[in-house]
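Below is one structure, written out as structure tokens; the observations come after it.
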There are 2 protein chains.
Amino acid sequence: MEELIHNPDSRFKETSRSLEILEVVSRLFYENGYGLVGMRLIADTVGVRAATLYHHFNGKDDMLFQIALGVTQTFVERLLPILEEAEGSRADRLKAFVRQHIIFRWQRRYWISTTLRDLRALPAIQQAEVVGYLRHYQDTLRDFIQAGMAEGEFSAPDSTLAGFALIGMIHGINDWFSPSGTLTIEAVADLYADMAVDKLLSAVN
Amino acid sequence: MEELIHNPDSRFKETSRSLEILEVVSRLFYENGYGLVGMRLIADTVGVRAATLYHHFNGKDDMLFQIALGVTQTFVERLLPILEEAEGSRADRLKAFVRQHIIFRWQRRYWISTTLRDLRALPAIQQAEVVGYLRHYQDTLRDFIQAGMAEGEFSAPDSTLAGFALIGMIHGINDWFSPSGTLTIEAVADLYADMAVDKLLSAVN
DNA sequence: GTCTATAGAACGATAGAC
DNA sequence: GTCTATCGTTCTATAGAC
């Protein structure tokens with residue numbers, strides 16, 4: 001298994017030990033599910049005693065919240081701007097976004113899967129903060145597709161549904177992709193970007 | 001919340017009390033996650049004492065296994081045949097399958113989400129039995145798309161990737177759909193079937 | 001920052017009566 | 001088929017030493 005890129009979110013820059021722990025925790029949550037992972041298992045895997053974890057985090061749910069908020073904020077701050085800042089036509093920019101989105105999701109799959117799967121275990125106010133970023137992402141993509149439809153570059157029966165269809169395609173990849181298969185994640189990203197823009201949203205036919 | 005259709009799987013036909021309990025359990029697992037749902041919470045929600053549950057099931061993991069196997073078997077037995085038995089062209093049959101697939105997934109969303117999210121909590125041999133049905137589903141859809149490409153009715157850069165893209169679109173719906181929105185699940189099913197067949201897999205452009 | 005020790009509650013599961 | 005009672009374990013979290 002390749003190394004996962006460390007989260008460069010500035011919230012962690014002065015406490016890299018916390019980030020190291022969260023890398024371990026996110027993988028344990030991913031593999032076992034939040035509710036089945038105990039503080040003792042986390043401590044054993046990190047290589048400390050359980051009590052030590054409470055020096056770095058307020059509790060198990062605080063770990064989950066930092067994982068969910070960290071990866072969601074980072075996604076919105078680093079990936080969404082591609083839609084406006086990439087080179088070329090609207091179709092070109094959407095393809096660039098889809099490609100980077102897929103690669104990001106694979107690199108951060110432990111954080112992302114944990115977020116989407118176990119978010120409901122958090123208190124409502126913390127859920128709402130994360131969901132706010134997710135909704136902003138959905139809305140931004142819908143508006144981008146809507147604008148492309150108005151300009152005649154995209155075609156879809158409904159911009160909201162087309163946005164969700166595209167998101168669904170992308171989100172499903174981590175459920176089946178394996179780096180030991182015939183395609184790299186970069187190759188999958190390229191083919192999906194083509195399917196999404198040249199087929200699903202095509203205005204040609 | 002509307003009533004969910006009862007699972008007609010014959011495994012439950014002589015013990016409908018078990019099925020009633022699993023309807024409650026699947027919703028608790030869906031809302032809280034398998035690991036965070038205790039036998040006492042299940043018993044309280046069903047309206048019995050915790051010990052009573054062990055008359056119907058071997059344990060909590062047995063409940064999860066019956067949910068996962070039941071809904072997966074039922075899907076394969078009832079939905080996959082639509083691909084061959086529906087009326088019309090290959091494109092027509094795929095549209096019918098997509099529509100029924102989406103409606104089925106919404107009706108059985110507690111069972112299905114629990115299955116896909118918490119399957120890894122089961123012993124490996126039980127996981128494998130469920131995964132066998134899921135792989136059969138993926139393979140059948142891939143072969144159907146492949147055949148349609150050979151006949152010139154479908155077009156895609158890769159039949160396996162196109163199959164996963166379609167599955168991803170469909171599976172994502174339950175993450176955002178709400179019956180209180182502007183579209184019914186049947187309307188979403190129709191629009192997605194059109195997007196999948198006339199756009200994503202279109203051979204026209 | 002990490003440790004030992006432990007509190008207090010909740011966990012899955014079982015025995016045996018009715 | 002459901003109950004009462006309970007066993008032994010594990011859980012999250014804290015207090016306080018180093």
Side-chain angles (χ1 to χ4, degrees), chain A residues 11-68 114 118-127, chain B residues 6 11-68 114 117-127:
Chain A
R11 82 172 48 240
F12 298 117
K13 71 166 180 284
E14 299 184 286
T15 57
S16 68
R17 181 62 168 149
S18 296
L19 180 55
E20 286 175 18
I21 293 171
L22 288 182
E23 293 287 356
V24 171
V25 171
S26 64
R27 181 159 185 178
L28 289 173
F29 287 171
Y30 170 82
E31 290 175 343
N32 304 105
Y34 173 76
L36 294 180
V37 175
M39 296 299 273
R40 286 170 182 79
L41 175 60
I42 294 171
D44 288 348
T45 310
V46 171
V48 296
R49 297 293 186 173
T52 303
L53 297 171
Y54 290 87
H55 174 76
H56 299 281
F57 304 97
N58 291 332
K60 203 174 83 164
D61 61 338
D62 182 40
M63 294 174 171
L64 176 57
F65 178 60
Q66 295 208 32
I67 288 168
T114 293
D118 295 318
L119 188 63
R120 303 185 76 156
L122 290 175
I125 190 163
Q126 295 187 320
Q127 280 186 54
Chain B
H6 272 197
R11 82 173 48 243
F12 298 118
K13 69 166 179 282
E14 300 184 286
T15 57
S16 68
R17 180 63 170 150
S18 296
L19 180 55
E20 285 176 17
I21 294 171
L22 288 182
E23 293 288 355
V24 170
V25 171
S26 64
R27 181 158 184 177
L28 289 173
F29 286 170
Y30 170 82
E31 289 174 346
N32 304 104
Y34 173 76
L36 293 180
V37 174
M39 295 300 274
R40 286 167 183 79
L41 174 61
I42 293 170
D44 288 348
T45 310
V46 172
V48 295
R49 298 293 185 172
T52 303
L53 297 171
Y54 291 88
H55 173 76
H56 298 281
F57 303 97
N58 291 333
K60 201 173 85 162
D61 61 338
D62 182 39
M63 293 174 172
L64 176 58
F65 178 59
Q66 294 208 33
I67 289 168
T114 294
R117 193 178 62 172
D118 295 317
L119 188 63
R120 304 184 76 155
L122 289 176
I125 190 162
Q126 295 186 320
Q127 281 186 53

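Just so we're on the same page: letters track the sequence lines, and every chain starts at 1. What you are looking at is a predicted structure, and each value in this text was computed from that prediction instead of being measured.
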Margin query: Suppose the criterion is side-chain hydrogen bond (donor to acceptor under 3.5 Å, both in side chains): which pairs have a residue in residues 33-55 of chain B, not counting sequence neighbours?
Written below: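 Of all non-adjacent pairs touching residues 33-55 of chain B, none passes side-chain hydrogen bond (donor to acceptor under 3.5 Å, both in side chains).
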Checklist line | salt bridge (Lys or Arg N to Asp or Glu O under 4.0 Å) pairs, two or more places apart, involving residues 29-38 of chain B | finding: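 Checked against salt bridge (Lys or Arg N to Asp or Glu O under 4.0 Å) - neighbours excluded - the pairs reaching residues 29-38 of chain B are B:Arg27-B:Glu31.
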Check: Residues two or more places apart in sequence or in another chain: which of them pass side-chain contact (heavy atoms from CB on, under 4.5 Å) with A:Asn32?
Finding: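 Here the qualifying residues are A:Leu28, A:Val37, A:Leu41.
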Next item on the list: Not counting sequence neighbours, which residues clear side-chain contact (heavy atoms from CB on, under 4.5 Å) with A:Leu122? List them please.
Entry: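 So A:Leu122 forms a side-chain contact (heavy atoms from CB on, under 4.5 Å) with A:Asp61, A:Leu64, A:Phe65, A:Leu119, A:Gln126, A:Gln127.
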Margin query: Please find the pair of heavy atoms, one from A:Ser18 and one from A:His56, that lie closest to each other, and give the distance.
Written below: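 Taking every non-hydrogen atom into account, OG-ND1, 3.9 Å.
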Margin query: Protein within reach of the bases, or only the backbone? For nucleotides 2-14 of chain D, mark each nucleotide 5' to 3' as B, S or -, using heavy atoms under 4.0 Å.
Written below: BBB------BBBB
